[in-house]
Amino acid sequence: MRTPLLAANWKLYKSLAEALAYADALLAALDAEGDCLRVELAVCPPFPLLYPLAEAFKGSSVSVGAQNVSEYLEGAFTGETGINQLDGLGLGYVIIGHSERRNVFRESNEAIADKLKIALTKSSLVPILCVGEPLDYRKDGRELDFVKSQLQTALKDVEPSDAERIVIAYEPIWAIGTGVNAEPKDAEEMAAEIRDWLSGSFGIAAAQSVRILYGGSIKPANWKDIYAGPNVDGGLVGGASLDPADFYTLYQLMLG
Ligand code: PGA
């Protein structure tokens, strides 16, 4: 059984004080609910907030994740944060290959493959690998080819024994931060195709273990329908994760 996951991607938002107030509010809501562990929660803040938030959420069902990691282990790489700095902070996850990293910061498919490999082989963190097509590929009906080629490059060095640890987030680029979400049937169809591709590449057991998330303009009004897809194991949420009440509402929708 795959444990559903709802992950908050805060991007470049929140001060330390705001992050700690958010943790208090989310923990209070979960306590009141009797925190049932049927759905995993993760919060991915900017780097300097990782450790304070990992301390704030210690012992709860909320994990903390990084939004990126260097493809280099160590060396003369000013401004980078490596897996050795992340491992040991008490984190659960690391997002790899978000479309903003790929498009704004020009991260190549090869760099993303290196990041995935380093996270899998040099840490105990669970990588959340993001894939997703630009609008013109969707319009031309070539979205699957695009996503498959991203998967092929990113996972080319992954051992079958490591594959089941990966979480894959399908985030169509045209849906991120735009208010336009994918249709539930399209999100489910792509999640099913990704699982099928995993099965062909790593075997049925790994494909059945990997959690596949949807991301892109998730909000309380659309989440129940998107999450209903049997291959959609949760969500990666940007804008609607910034308010703890909204994030908590999304979580409650997953409890059914
Ligand atoms: P959004 O962002 O929910 O604001 O569309 C999702 C993401 O970038 O992961």
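Please read all numbers here as calculations on a predicted model, not as lab measurements. When a ligand or atom number is given, it counts from 1 through the structure's own listing order.
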Exercise. Applying a strict 4.0 Å limit to heavy atoms, is A240 in contact with ligand 1?
Worked result: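 Flag not set, A240 not near ligand 1.
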Atoms of ligand 1, numbered as shown, that sit under 4.0 Å from any heavy atom of [X]:
X    : value
A175 : 5 (O)
S217 : 1 (P), 3 (O), 5 (O)
K11  : 2 (O), 7 (C), 8 (O)
G177 : 1 (P), 4 (O), 5 (O)
G216 : 5 (O)
G239 : 1 (P), 3 (O), 4 (O)

Problem set entry | Verify same cluster id: Y93, I166 (apolar side-chain graph, 4.5 Å) |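 Unlinked, Y93 and I166 end up in two clusters.
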For this session: Determine, step by step, whether Y170 and E188 satisfy the side chain to side chain donor-acceptor pair (under 3.5 Å) criterion, reporting the C-alpha distance in whole Å, the side-chain angles of both residues, the deciding distance to 0.1 Å, and the verdict.
Result: CA-CA 10 Å; Y170 168 57; E188 166 58 22; over 6 Å; no
Problem set entry | Option set H98, E100, K219, criterion heavy-atom distance to atom 8 (O) of ligand 1, minimum |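 Nearest option to atom 8 (O) of ligand 1, by heavy atoms: H98.
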For this session: Say whether V237, considering both its backbone and side-chain N or O atoms, lies within less than 3.5 Å of an N or O atom on ligand 1.
Result: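 There is no such contact.
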Salt bridge or not between [X] and [Y]? Use side-chain N to carboxylate O under 4.0 Å.
X    : Y    : value
E143 : R138 : yes
E100 : K11  : yes
E71  : K117 : no

Problem set entry | Residue and atom name of the nearest protein heavy atom (relative to atom 9 (O) of ligand 1), distance in Å to one decimal |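 Protein heavy atom at minimum distance: E171 OE2, 2.7 Å.
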Exercise. Among protein heavy atoms, which sits nearest to atom 3 (O) of ligand 1, and what does the distance come to when rounded to 0.1 Å?
Worked result: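 Atom 3 (O) of ligand 1 sits closest to the protein heavy atom G238 N, 2.8 Å.
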Problem set entry | Any side-chain heavy-atom pair of W10 and Q67 under 4.5 Å |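 Sidechains of Q67 and W10: in contact.
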For this session: May I ask you to identify, for I176, whether its side chain, its backbone, both or neither come under 4.0 Å of ligand 1 on a heavy-atom basis?
Result: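 Under 4.0 Å from ligand 1, I176 contributes backbone and side-chain atoms.
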For this session: Using the ring of F105 (Phe, Tyr or Trp, six-membered ring only), decide whether R101 places NZ or CZ under 6.0 Å from its centre and within 45 degrees of its axis.
Result: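 Yes.
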Exercise. In terms of heavy-atom contacts, does CZ of F47 have more than 12 from other residues, nucleotides or ligands at under 6.0 Å?
Worked result: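 Check passes, neighbour count above 12.
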